[in-house]
Number of protein chains: 2
Amino acid sequence: MTMDSVGLRVLSRAECVALLATTPIGRIVFTDRALPAVQPVGFALDGETVVIRTGADTRLAAAARDTVVAFEADEFDRAGRTGWSVTAIGHARAVTEPAEIERLSRLPLQRWVPGGRDHFIVLPIEHISGRMIGTHP
Amino acid sequence: MTMDSVGLRVLSRAECVALLATTPIGRIVFTDRALPAVQPVGFALDGETVVIRTGADTRLAAAARDTVVAFEADEFDRAGRTGWSVTAIGHARAVTEPAEIERLSRLPLQRWVPGGRDHFIVLPIEHISGRMIGTHP
């Protein structure tokens, strides 16, 4: 078991991917007009690729086109002071190939917000890291 | 009531600050070696300033020194498909003045992780925005 400098357990890549698969919402971190920006998004995993569905004309769609972004998900239990956090880094790209759009459309992506959702962004995970709090005191 | 381009309700500054005050955990978004980075942190509000306590030698302490960062908090109810998200932007700075450290030490900052927590970072909110999902269908 590996611990980091502040005493949190360092998760393996497999543990990180498995935890990501347990939650339907994450946060995409990008740069918007030279400022750090973060937006919660519903997502699904396609193997080790994060898949996000959004409107084609959104700030997110514009910002996450062919650029390196971070994607974070976490869960915390306030009462038990336990939790985990996973951050993936990868090069986001918009999906334009009709066959790929058709395939991604069948993923179990939850619909959280109204509006057009005809645009897919995929983020193949290049680097992933995670920490767990509180389960191994 | 203002709606954004995807049909989410736009929260006022007062609503955003009030929602931030309801949760003890947020995520700080910064740049780490030219890559986007995000890290969950326990925090407290001191008026309209986000206060974070961390170890002096952490990646977060190094990255959030005199730089513009984003701070995000959210809550989602998976079953009801409701939730909110608030993002604040501001210029983070390390607190070095002993009187200010003494004052901030009395804030109700929850201790989530082990290790040294002798370093305060403050983020006076310069810009704040938020969205609410699902309560006004």
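In the text below, chain A, chain B and the rest are named by the order of the sequence lines, each starting its count at 1.
Cluster annotation: B/Ile128 is not connected to B/Val10 through the hydrophobic network of ILVMFWY side chains, with a link wherever side-chain heavy atoms come within less than 4.5 Å. Hydrophobic clustering, with ILVMFWY side chains joined whenever heavy atoms are under 4.5 angstrom apart, keeps A/Ile28 apart from B/Ile89.
For A/Arg27, the part sitting under 4.5 Å from any heavy atom of chain B is the side chain, from C-beta outward, and nothing else. Proximity to chain A involves both the backbone and the side chain of B/Thr23, based on heavy atoms less than 4.5 angstrom apart. Looking at B/Arg59, neither its backbone nor its side chain comes within 4.5 Å of chain A, counting heavy atoms on both sides.
Looking at heavy atoms from C-beta onward, B/Pro40 lies in side-chain contact with A/Phe76 at the 4.5 angstrom threshold.
The two residues B/Thr22 and A/Arg78 come nearest to each other via the heavy atoms O-NH1, 3.7 Å. Residues A/Val29 and B/Ala37 come closest through the heavy atom pair CG1-O, 4.4 Å. Nearest heavy-atom pair across B/Val38 and A/Thr87 is O-OG1, 3.6 Å.
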Determine whether A/Leu35 and B/Val68 satisfy the following criterion, side chain to side chain contact (heavy atoms under 4.5 Å, CB included), listing intermediate values before the conclusion.
CA-CA 7 Å; A/Leu35 287 175; B/Val68 173; 3.7 Å; yes
